[in-house]
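Step one of this worksheet: look at the structure below.
Quick caveat, the model's predicted, so the values are computed rather than measured. First the proteins, then the strands, lettered A, B, ... as listed; each starts at 1.
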Amino acid sequence: MENSNNSTNTTNTAAATTTTKKKSKLCEICNVSRPVLKRPKTGEMICKECFYTVFEDEIHHTIVSNNLFKRGDRVAIGASGGKDSTVLAEIMTLLNKKYDYGLDLFLLSIDEGITGYRDDSLETVKRNQEQYQIPLKILSYKELYNWTMDDIVKEIGLKGNCTFCGVFRRQALDRGAVMLKANKIVTGHNADDIAETVLMNLLRGDIPRLQRCVNIITGSEGALPRSKPFKYTYQKEIVMYAYFKKLDYFSTECIYAPNAYRGHARDFLKDLEAVRPSIIIDIIHSAENFHFREENKMPVQRNCIQCGYICSNDICMACDLLKNLNSGLAKVKLSINLKRGKDSNNNNNNNNNNNNSNNNNNTLKLESTSVTN
Amino acid sequence: MKVKIELSGGLELLFDKKKVHEIEFADKNEIPLKDLILYMRDNLLKERSELFVVDDTVRPGILVLINDADWELFGGISYNVEDKDTIIFISTLHGG
């Protein structure tokens with residue numbers, strides 16, 4: 001047998017390791033199977049089954065210790081067909097069953113209207129719906145705002161388009177969740193995403209965002225609370241979980257993304273991770289312990305005078321952005337009617353779906369009821 | 001020696017959209033992983049090599065699996081690839 005660089009002496013234990021070319025260690029948790037992963041968080045080398053267990057248990061622990069849900073919650077899972085949301089749908093379904101959370105789960109997908117990117121990933125979400133037997137709702141920017149991202153980029157170019165998309169998507173998720181009569185939203189943001197956001201906000205000096213970005217539950221009075229069960233879950237482990245469990249997801253970069261500022265933070269973070277894998281979770285823990293001076297006033301939450309959505313100014317960002325977009329066009333009128341009801345779950349809102357498909361005269365009617373928790 | 005390479009997470013787009021590649025080296029029975037990826041860059045990659053190889057190693061953000069296990073278990077880029085190994089490259093650098 002060839003001897004490569006193996007200079008250590010191996011003892012003659014009966015079980016496994018002898019002088020083979022590869023040092024065969026066993027899983028550090030169960031000591032039975034061969035390891036398939038080295039955990040970035042801890043450096044532990046563990047086998048497939050133990051990996052599933054620690055992965056799932058940690059997320060369960062995150063959910064429970066942060067009181068993310070209670071029995072009877074109707075939870076909309078933000079689903080894009082990508083790696084995070086596919087694993088999120090799998091995990092939520094699995095944990096809901098295994099630990100009897102008692103949740104009603106829904107898949108909510110937003111179609112930004114980006115040709116060649118979103119159309120394909122939506123196919124994946126439809127497959128997810130069948131696999132997990134969860135109801136699916138797809139909502140498009142076109143039907144909500146009468147603009148697709150392709151249109152927006154044609155209009156304003158490649159600078160600032162991500163801002164539009166982010167603002168529109170957040171609102172779209174809320175609107176979609178309300179249509180599903182959900183009272184909570186979950187998204188697949190993972191530890192890498194959050195660490196990137198911390199870096200990004202630091203680099204740009206965005207204090208208000210820096211304060212909010214490590215909260216596991218976000219959303220204020222009146223807006224649906226949205227939480228991130230994957231807050232402490234490494235992207236690498238999400239991908240490995242999907243790989244080993246053969247979960248089918250769609251993976252392409254948004255065609256407009258290469259210009260996004262986040263790319264700088266991401267590259268930096270990846271380089272850091274190569275040197276010290278625990279850095280991702282370290283950044284999150286640091287950010288959780290930031291102290292901010294009192295002078296940083298948090299804006300007062302009000303309601304947009306145009307559509308009623310929660311915001312800190314007279315009109316919300318989406319309406320503001322739309323106003324700018326629409327002023328470039330001659331005769332498109334966008335009016336959003338809002339019916340704000342104090343009564344939550346009366347059955348007068350079955351007509352929501354009918355209203356939303358009525359786009360003939362370019363007016364958009366949305367029924368929205370305030371949801372009590 | 002023969003090596004099987006699999007690409008996913010969008011990486012295949014850089015390699016002529018082919019997800020599976022079989023490489024044969026007639027004159028070797030093992031090859032350092034670093035040399036293998038440089039070989040891939042120089043012979044199989046069709047465009048944008050910086051999306052695959054950076055500083056003589058795999059671009060950070062691309063996961064590498066050797067025979068279905070994390071390459072970190074085998075010393076990462078310093079692993080010596082052997083006959084009949086399967087190396088899988090999964091990019092994580094895209095939306096989730």
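- The number of heavy-atom neighbours closer than 6.0 Å to CG of D55(B), taken from other residues, nucleotides and ligands shown, is 12 or below.
- The minimum heavy-atom distance linking A69(B) with P35(A) is given by the pair CB-O, 4.0 Å.
- Taking S91(B), G9(B), S8(B), G76(B) one by one and counting their heavy-atom pairs under 4.5 Å with chain A, the maximum is reached by G9(B).
- Applying the 6.0 Å contact sphere to NZ of K2(B) captures no more than 12 heavy atoms from other residues, nucleotides or ligands.
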**Stepwise side-chain contact (heavy atoms from CB on, under 4.5 Å) check, I88(B) with Y243(A)** = CA-CA 11 Å; I88(B) 303 179; Y243(A) 174 75; 2.9 Å; yes
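- When the shell of 6.0 Å around NZ of K41(A) is examined, it contains more than 12 heavy atoms from other residues, nucleotides or ligands.
- Heavy atoms of other residues, nucleotides or ligands lying less than 6.0 angstrom from CZ of F268(A) number 12 at most.
- Of all non-hydrogen atoms in T92(B) and Q235(A), the two that sit nearest each other are OG1-NE2, 3.2 Å.
- In this structure, K270(A) and G61(B) approach most closely via the heavy-atom pair CD-CA, 3.6 Å.
- No other option in E273(A), H189(A), M45(A), K236(A) has as many heavy-atom pairs under 4.5 Å with chain B as K236(A).
- You'll find the side chain of L73(B) stays beyond 4.5 Å of the side chain of R34(A), heavy atoms only.
- Taking 4.0 Å as the cut-off between side-chain N and carboxylate O, D267(A) and R59(B) count as a salt-bridged pair.
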